[in-house]
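The structure appears right after this line, and notes come after that.
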Amino acid sequence: MSQHQEKARIIRFEQLSEHNVRLTLESPLIVETAEPGQFVMIRAGGSQDPLLRRPFSLHQSSSNGQIQIYFKNVGRGTDILARCKVDETLDVFGPLGRGFQVDKDKPACLVGGGLGIAPMLFLAKKISSLGKNHSRDLIILGGRTRGDVEPLVEDFKQFGLALHCATDDGSYGIKGFVTEILQSEQLAANTQVYGCGPDNMLEVMHRFCSERQIDCQVSVESVMACGMGACLGCNIEAANKDYVHVCIDGPVFNSEDLAWNS
Ligand SMILES: Cc1cc2nc3c(=O)[nH]c(=O)nc-3n(C[C@H](O)[C@H](O)[C@H](O)COP(=O)(O)OP(=O)(O)OC[C@H]3O[C@@H](n4cnc5c(N)ncnc54)[C@H](O)[C@@H]3O)c2cc1C
Ligand code: FES
């Protein structure tokens with residue numbers, strides 16, 4: 001697998017809601033090998049402050065050499081990125097990690113909660129391009145409120161897969177959690193479920209799928225310093241009580257391979 005460090009020019013800046021931003025970057029080398037579920041490390045700001053790169057899922061990757069990231073402004077690094085302007089360049093390293101394993105013979109159920117929606121757009125594109133029958137494919141998106149979901153809906157609709165939405169406050173889609181929609185679906189036994197979102201959401205998905213012997217892949221987060229297996233900062237516990245690096249063994253894992261806390 002080849003990684004690249006690129007000076008990526010910002011070609012589009014979209015403020016999708018109060019705190020959520022999408023950047024489109026010119027990144028022709030990273031595009032070449034990028035797979036859904038992989039991530040990039042981005043240095044926020046030209047100086048060494050903040051020192052560490054920040055990890056972001058590949059939200060989209062296009063054959064015209066462009067990648068997108070979609071992020072929430074939560075701290076120093078993301079605040080710098082949220083103030084970037086078109087034509088500025090960012091130091092981007094990637095693609096990193098193991099992405100989603102897609103099986104074109106299985107119905108797909110994509111579940112994105114909050115910022116976990118980010119990698120699902122690239123995954124939806126890949127699944128829609130497989131030339132498979134999409135009648136049993138499904139995307140479920142959710143967030144706290146309308147602004148977390150609605151600005152992305154048209155982008156997902158272009159792929160022609162069935163789409164269901166939920167918000168905690170009921171301002172868009174059903175009032176409730178994405179996991180409630182998942183639990184109400186009659187999934188075929190050979191469905192491949194893909195999830196990204198908060199830990200408690202992923203744990204509910206894992207238990208639901210495990211009880212039904214449905215395959216479930218989850219993309220998990222961890223604080224990361226290097227993104228390359230060198231610092232041990234991203235270790236999480238595996239089901240076998242061993243530890244795995246989120247950055248090189250993941251961020252996507254079969255949910256059965258991880259230790260779940262409760
Ligand atoms: C593989 C991977 C993919 C990611 N993809 C996305 C994405 O597509 N969109 C997106 O918005 N975010 C994503 N994140 C989270 C993102 O990296 C953090 O939000 C970002 O690093 C915060 O940097 P900051 O300097 O703004 O915040 P800091 O000032 O460093 O921290 C601000 C707050 O955010 C918390 N925080 C920092 N890093 C993380 C983290 N990794 N997970 C959860 N909380 C964190 C801190 O504990 C603190 O409370 C991803 C993380 C990983 C590991
Ligand atoms: S982030 Fe350094 S080992 Fe994973």
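Quick caveat: nothing in here was measured; it's all calculated off a predicted structure. Order of appearance sets the numbers: ligands from 1, and atoms from 1 within every ligand. In what follows, residues are counted from 1 in the order of the sequence shown.
The heavy atom nearest to atom 8 (O) of ligand 1, out of those in S57, S219, A82, is found in S57. The option from Q68, E221, R22 that lies nearest to atom 50 (C) of ligand 1, judged by heavy atoms, is E221.
In terms of polar-atom proximity, defined here as any N/O pair under 3.5 Å, G77 does make such a contact with ligand 1. At least one N or O atom of R54 sits closer than 3.5 Å to an N or O atom of ligand 1. At least one N or O atom of G75, backbone or side chain, sits closer than 3.5 Å to an N or O atom of ligand 1.
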Inset, instruction - Could you walk me through whether K175 and D169 pass the salt bridge (Lys or Arg N to Asp or Glu O under 4.0 Å) test, one step at a time? - result: CA-CA 6 Å; K175 185 176 190 308; D169 62 5; over 6 Å; no
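Residue-ligand proximity, K72 to ligand 1, at heavy-atom distances under 4.0 Å covers atoms 11 (O). For ligand 2, the atoms lying closer than 4.0 Å to a non-hydrogen atom of A225 are 1 (S). Counting the atoms of ligand 2 from 1 in the order shown, those under 4.0 Å from a heavy atom of C234 are 1 (S), 3 (S), 4 (Fe). Short contacts between ligand 2 and C231, defined as distances under 4.0 Å to a heavy atom of the residue, involve ligand atoms 1 (S), 2 (Fe), 3 (S).
Ionic pairing of R22 and D155 is present here: one or more N-O contacts between side-chain nitrogen and carboxylate oxygen are shorter than 4.0 angstrom.
Using a 4.0 Å cut-off between heavy atoms, V246 makes no contact with ligand 2 at all.
The shortest separation from a heavy atom of V74 to ligand 1 is under 4.0 Å, placing the residue in contact.
Atom 2 (Fe) of ligand 2 has an N, O or S atom of C226 inside 2.8 Å of it.
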